Protein chains: 2
Amino acid sequence: MATIKDIAQKSGVSVATVSYVLNNTRWVHEEKRKRVLEAISELNYVPNAVARGLRVQKSKAISFVVSDITNPFYPDLAKACEDLAQTKGFTINILNTDDKPDRTQFALNQVREGKVDGIIVTSALEQDREHFQKFMEQGYVIVLANRSVKGLQVDSVVADNFNGAVMATNHLHELGHKKIAFMPGISGSSITQSRMNGYLQAMEDAGLTIHPEWLTSGEARYSGSYKTTQFLLGLPEWKRPTAIISLTDIGALGVLDAATDLEVSVPDDLAVIGFDDLFISGTRSVQLTTVKIPRYEMGSIATSLLMERLEKGGKSDFQEIVLPVELIVRKTCGKRKTEIK
Amino acid sequence: MATIKDIAQKSGVSVATVSYVLNNTRWVHEEKRKRVLEAISELNYVPNAVARGLRVQKSKAISFVVSDITNPFYPDLAKACEDLAQTKGFTINILNTDDKPDRTQFALNQVREGKVDGIIVTSALEQDREHFQKFMEQGYVIVLANRSVKGLQVDSVVADNFNGAVMATNHLHELGHKKIAFMPGISGSSITQSRMNGYLQAMEDAGLTIHPEWLTSGEARYSGSYKTTQFLLGLPEWKRPTAIISLTDIGALGVLDAATDLEVSVPDDLAVIGFDDLFISGTRSVQLTTVKIPRYEMGSIATSLLMERLEKGGKSDFQEIVLPVELIVRKTCGKRKTEIK
DNA sequence: CTGAAAGCGCTTACAG
DNA sequence: CTGAAAGCGCTTACAG
């Protein structure tokens, strides 16, 4: 592998000059410039990014931290991140945490080690607060996407989860439902919290009462939601929900399948709403009514925030961006008001 | 940020000694050792990976190159890659190519720049052959997963696509189908090629004739497959297929939706088989019969192959691993033989 | 307009 | 058992 030294020798200039033409960072005599360029192409030279990184103390890489890239919610975020990062010459590292705090710590370490310049975390938990706080105090940069952390001063972008849940609940209420269950995900996630609050608020505003069983977690995943639905549908009729709001579309798929297996028909006997609007949800086979979360946009904005922060530095003027959501009405809630006992 | 020098000073030893205790690479007097460790924890020191990387000429990172991480086929591969890489202390870079050759070139450059030690490409195309060849001749390491490149000497892992297609075709034939269409994806991909060959072979063995229209591409995506299905189903009855093999499950979803919209019922009037066995395919709403591709295993093996090659080096003894596939019979092909005209 | 040299933060022969 | 020093491949003040 040729190095800058080889190029300098071959073209009879100093390594400094080679560096200058490489980076176009100061005027070089045309003649020399040409010789350098020739040597570069002849020796098939490509500058070593690690050496450069060490010298300028920048890696031109960022980490994208996610609980599980296998969850169809996240790839869009990751894609957006890469699309944008790439235009700025950044490379992206992906890191699955499985929502385990020590994996998140590991992610923070990547920037401490200088492997990446900053980090986007989509899997923040309440219990990460102190670690993030300390991390930022040390001058490292982080931006939160998707999940936020209460009381933490940091750049972040989240969906308007509260209102999404309000919209979902109201929609069901307008359709005549009174027994509406809300199926939360893991605790410590701001998403569960905000959506639950929206649901609670809307239920109260509608004058509807809530049975504690209606708040049983489905872990936001397929199988958890499947099981919780079995439980919910097995409740005595007076408190058996006629509608279920699932924290995610993937969870809603579990709800739908449990209903199918129990032979309760959707939307006639059970209405279901998800969150996310995954590709699959719009498919003829599924036709799930759901609250659409603008994932690509979220990833894009998170990346911009990170880039900005990387440029300007500092620990103030943090931005918290809340993206509007949209209720996508499809076929899992019924199209018209039907009498519900 | 503390450096190794700070630690050396604070604990009154040489930087060499600090390095040795850090890496546990030679015996250090217990006393000093303790002082070093103390200094490290007091100053919150974490070694700079970039400096280390420059010195040892290894980045401890690999790239995972994919056409589109947003395609639900790939995250499992990426996850497997990260899971395994992580145990070896490697970090993983993700890179979407959109099947554009220049993006693949860009990926190769990451290793030329020393940003990563090697690269796993899941998006290889026939037209990449020369570039890969040259790349490997320069001593860089690459392993192919999912898609292979004919005539290229390289470590690789692919599914047994030929037999998968044979199994799918035979299954349909046994069910009584004679007019079986096969919907290819993009050209240049070994997947389309192998599966098409399997289909062709099985059709011939069954003594079935093929109309050229039956080989119209669906681009392996939802909308392309949707359109191609409209076309196929619009053919005059004597050559309208009664069964469609889609190159992917995502494509099969498009086939299914087109059928629904055209009011041809599955499996009664149309049988469909996909490839992949995505999570969604097993769902009650879909119940797609499909050829299962062991994605996680594939990602895992690709990563092992890369790690091995990184350790032993060399340009010989390349391994080509072919993973067995499995036909998962669900509901889109009919359960029993029905008479088909 | 251009070059010699310091230095980024490590590891690792080499010498003692 | 331990340290001084070279060197990985760059960039960038500094001097001319």
Side-chain angles (χ1 to χ4, degrees), chain A residues 1-37 39-40 43-61 89 109-117 139-140, chain B residues 1-37 39-40 43-61 89 109-117 139-140:
Chain A
M1 259 145 298
T3 72
I4 198 174
K5 231 165 150 182
D6 299 321
I7 303 302
Q9 252 168 255
K10 190 172 173 82
S11 50
V13 302
S14 70
V15 296
T17 298
V18 176
S19 173
Y20 289 123
V21 346
L22 236 28
N23 300 300
N24 222 298
T25 176
R26 109 175 157 189
W27 175 240
V28 173
H29 194 85
E30 194 48 38
E31 169 79 17
K32 297 196 175 187
R33 193 184 145 70
K34 217 147 96 189
R35 289 212 308 273
V36 169
L37 259 15
I40 287 175
L43 297 191
N44 230 291
Y45 168 70
V46 11
N48 184 299
V50 176
R52 175 169 212 288
L54 176 59
R55 178 57 232 243
V56 307
Q57 302 281 49
K58 294 215 159 56
S59 64
K60 281 282 195 176
N109 258 329
Q110 300 220 349
V111 2
R112 292 201 175 96
E113 287 179 339
K115 261 195 154 182
V116 298
D117 295 331
Y140 298 115
Chain B
M1 257 145 298
T3 72
I4 197 173
K5 231 164 150 182
D6 299 320
I7 303 302
Q9 252 168 253
K10 190 171 173 83
S11 50
V13 302
S14 70
V15 296
T17 300
V18 177
S19 174
Y20 289 123
V21 345
L22 235 27
N23 300 300
N24 223 298
T25 176
R26 109 173 158 191
W27 176 241
V28 173
H29 194 85
E30 194 49 37
E31 168 81 19
K32 299 196 174 189
R33 193 186 146 69
K34 218 149 93 189
R35 290 213 308 273
V36 168
L37 260 15
I40 286 175
L43 297 191
N44 230 291
Y45 168 70
V46 10
N48 183 299
V50 176
R52 175 169 211 288
L54 176 60
R55 178 58 231 243
V56 306
Q57 301 282 49
K58 294 216 158 57
S59 64
K60 281 281 195 177
N109 259 328
Q110 300 219 349
V111 3
R112 293 201 174 95
E113 287 179 339
K115 260 194 154 182
V116 299
D117 295 332
Y140 298 113

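Chain identifiers are assigned alphabetically (A, B, ...) following the order of the sequence lines, protein sequences preceding nucleic acid strands; residue numbering begins at 1 within each chain. Just so it is clear, the model here is predicted, and its values are computed rather than measured.
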Enquirer: Would you mind reporting whether A:R52 and A:N23 have side-chain heavy atoms less than 4.5 Å apart?
Expert: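 Touching, per the 4.5 Å side-chain cut-off.
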Enquirer: Can you confirm whether B:V36 sits close enough to B:R33 that some side-chain heavy atom of one is under 4.5 Å from a side-chain heavy atom of the other?
Expert: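 B:V36 vs B:R33: side chains apart.
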Enquirer: Identify the two heavy atoms, one from B:E113 and one from A:V46, that lie closest to each other, and give their separation to 0.1 Å.
Expert: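 Smallest heavy-atom distance, with atoms named: CG-CG2, 3.6 Å.
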Enquirer: What integer number of Å spans the C1' atoms of C:dT12 and C:dG16?
Expert: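 These two C1' atoms come out 16 Å apart once rounded.
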Enquirer: What's B:K32 touching, base or sugar-phosphate or nothing? Going by heavy atoms closer than 4.0 Å.
Expert: sugar-phosphate
Enquirer: With heavy atoms of chain B within less than 4.0 Å as the criterion, where does contact along DNA chain D begin and end?
Expert: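 So the contact region on DNA chain D extends D:dC1 to D:dG9.
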Enquirer: Toss me the dot-bracket line for DNA chain C: Watson-Crick and G-U wobble, both under 3.5 Å, 5' to 3', using | for pairs to another strand and [ ] for crossers.
Expert: |||.||||||||.|||
Enquirer: Counting any heavy atom closer than 4.0 Å, what does A:V28 reach on the DNA or RNA strands: base, sugar-phosphate only, or nothing?
Expert: sugar-phosphate
Enquirer: Ignoring hydrogens and angles, tell me if any N or O in the side chain of B:S59 forms a donor-acceptor pair with the backbone of B:G53 under 3.5 Å.
Expert: no
Enquirer: side-chain contact (heavy atoms from CB on, under 4.5 Å) with B:V18: which of B:L37, B:I7, B:V28?
Expert: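 When side-chain contact (heavy atoms from CB on, under 4.5 Å) is applied between B:V18 and each of B:L37, B:I7, B:V28, only B:I7 qualifies.
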Enquirer: Let me know, please, whether A:V46 or B:V13 comes out on the 5' side of the other along DNA chain D by nearest nucleotide.
Expert: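 The 5'-side residue here is B:V13.
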Enquirer: May I ask you to decide whether A:R35 forms a salt bridge with A:E31, counting only side-chain N to carboxylate O separations under 4.0 Å?
Expert: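 Judged by the 4.0 Å cut-off on N to carboxylate O distance, A:R35 and A:E31 do form a salt bridge.
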Enquirer: Start with the C-alpha gap between A:Y45 and A:L22, add the side-chain angles, then the distance that decides, and say whether side-chain contact (heavy atoms from CB on, under 4.5 Å) holds.
Expert: CA-CA 11 Å; A:Y45 168 70; A:L22 236 28; 3.7 Å; yes
Enquirer: Would you kindly compare A:G12 and B:T25 by the position of their nearest DNA chain C nucleotide and give the one closer to the 5′ end?
Expert: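 Looking at the nearest nucleotide for each, A:G12 comes out on the 5' side.
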Enquirer: Rounded to the nearest 0.5 Å, how far does OG1 of B:T17 lie from NE2 of B:H29?
Expert: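 If I round to the nearest 0.5 Å, the distance is 12.0 Å.
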Enquirer: So A:T17, base contact, sugar-phosphate only, or nothing? Heavy-atom distance under 4.0 Å.
Expert: sugar-phosphate
Enquirer: If each of A:W27 and A:A51 is mapped to the nucleotide of DNA chain C with the nearest heavy atom, which maps nearer the 5' terminus, i.e. the 5' end?
Expert: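 First, find each residue's nearest nucleotide; the 5'-ward one identifies A:W27.
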